[in-house]
Amino acid sequence: ISHYNAMILAFSRSESPAHGIKFYRKMTQDGLVPDQLTLSFCLKCCVKDLALFEGMQVHVRILVDGFKKDSILMTTLMDLYSVCSGCDDAYKVFDEMSMRDTVACNVMISCLMNNKRTRDVLAVFDTMQSLKRHCRPDDVTCLLLLQACADLGALEFGSRVRDYVEEQRYGESLKLNNALITMYSKCGYVDEAYKIFKRMHAKNLVSWSAMISGFAMNGYGFDAIEMFREMQNMGIAPD
RNA sequence: CUUGUUCGGA
């Protein structure tokens with residue numbers, strides 16, 4: 001069976017996930033019994049193929065086979081509904097999970113974000129902070145949240161996330177710093193963005209580009225050009 | 001690297 005799993009996993013990462021679903025069907029018709037891994041890989045195929053109906057059949061199988069308390073599997077299911085259906089179905093799974101951890105919350109947040117339900121995102125963040133450690137927001141949570149704030153121009157909330165980031169000493173994370181730069185820029189606070197930029201030890205092409213367009217979008221075209229030169233002097237090639 | 005979430009700027 002591990003060979004079948006390997007096959008389906010490979011299909012789930014390929015550009016033809018539908019073949020993985022076919023393969024799964026075939027193996028069950030041949031009387032083989034899928035395990036958690038099989039179901040998980042098959043779900044990934046369904047997500048990638050946007051195959052809601054097939055995914056729901058796997059859902060049924062999960063329940064029938066008694067894998068309901070496998071939280072990782074349930075999180076994958078959430079992702080299926082998040083991508084192929086909507087918040088309501090994803091939340092239903094979320095709500096019925098026996099153990100909700102940080103990743104499950106992150107899936108929920110990303111789903112809510114895609115559906116522009118910002119206020120609910122906020123609420124989830126709040127409850128995550130007050131719950132036990134297995135639900136505490138992590139770096140991915142912050143990344144998601146900062147991106148949302150940037151899109152919405154939600155400075156106040158973005159600052160709260162920033163405080164949290166610094167409490168947790170995610171301060172050296174390149175991705176988080178870049179997300180902060182973008183968030184402040186889009187909220188119109190280039191100076192704050194620049195402070196972040198300056199104190200960064202490691203900078204990316206992304207960091208530079210974020211800073212440059214931050215200046216540009218706030219009407220500091222000259223500084224943008226200046227930054228661009230400085231970047232090249234640092235030996236970083238523009239793309 | 002045999003089960004889950006983000007993948008950064010434009």
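These figures come from a predicted structure and were not determined experimentally. The figures that follow rest on heavy atoms only: side chains count, while hydrogens, waters and symmetry mates do not. In what follows, every chain begins at residue 1, and chains take the letters A, B, ... in the order their sequences are listed.
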Which one, B/G4, B/C7, B/G9, comes nearest to the side chain of A/Val103? B/G4
Is a side-chain N or O of A/Tyr164 found less than 3.5 angstrom from the main chain of A/Pro137, in a donor-acceptor match? yes
A/Lys44 side-chain N/O to B/U5 phosphate OP1/OP2 under 4.0 Å: yes
Hey, is the side chain of A/Asp70 pairing donor to acceptor with the base of B/U3 inside 3.5 Å? yes
Ignoring the backbone of A/Lys186, work out which of B/U3, B/A10, B/U5 is nearest its side chain. B/A10
For the side chain of A/Met217, starting at C-beta, report the closest nucleotide among B/A10, B/C7, B/G4. B/A10
Donor-acceptor contact present, side-chain A/Asp79 to main-chain A/Thr75, <3.5 Å: no
Among B/U2, B/U6, B/G9, which nucleotide sits nearest the side chain of A/Leu9? B/U2
Proximal nucleotide (of B/U6, B/G4, B/U2) relative to the A/Ala104 side chain: B/G4
Report which part of the nucleic acid A/Ser2 touches: base, sugar-phosphate, or nothing (heavy-atom distance under 4.0 Å, all strands). nothing
Length of the CG-C1' vector between A/Asp79 and B/U5, whole Å: 7 Å
A/Asp151 atom CG is separated from B/A10 atom C1', nearest whole Å, by 14 Å
Without decimals, in angstroms, what is the distance between A/Leu39 CG and B/U2 P? 19 Å
Nearest-angstrom distance from the residue atom CE of A/Met108 to C1' of B/G4: 15 Å
Once you round it to whole Å, what is the distance between P of B/U5 and CZ of A/Phe94? 16 Å
Suppose we call a contact any N or O donor and acceptor under 3.5 Å apart; does that hold for the side chain of A/Asp101 and the base of B/G4? yes
Mind calculating the distance between CZ (A/Arg13) and C1' (B/U3) to the nearest angstrom? 11 Å
Closest approach to the side chain of A/Asp239, judged atom by atom: which nucleotide of B/U5, B/C7, B/G9 is it? B/G9
Between A/Asp126 and A/Arg160, is the salt bridge (Lys or Arg N to Asp or Glu O under 4.0 Å) condition met? List the steps. CA-CA 11 Å; A/Asp126 282 331; A/Arg160 275 186 48 200; 2.5 Å; yes
A/Ser110 side chain, from C-beta outward: closest of B/G9, B/U5, B/G4: B/U5
Are the side chains of A/Lys203 and A/Phe197 in touch, meaning some heavy atoms are under 4.5 Å apart? yes
Can you tell me how far P of B/U6 sits from CG of A/Leu143, to the nearest Å? 11 Å
State whether A/Lys92 and A/Asp95 are salt-bridged, where the test is any N-O pair (Lys NZ or Arg NE/NH1/NH2 against Asp/Glu carboxylate O) under 4.0 Å. no
Can you check the distance between B/U2 and B/U6, where both ends of the measurement are the C1' atom (answer in whole Å)? 23 Å
In whole angstrom, what separates A/Arg61's CZ from B/U3's P? 21 Å
Can you say whether a donor on the side chain of A/Thr75 sits under 3.5 Å from an acceptor on the base of B/G4, or the other way round? yes
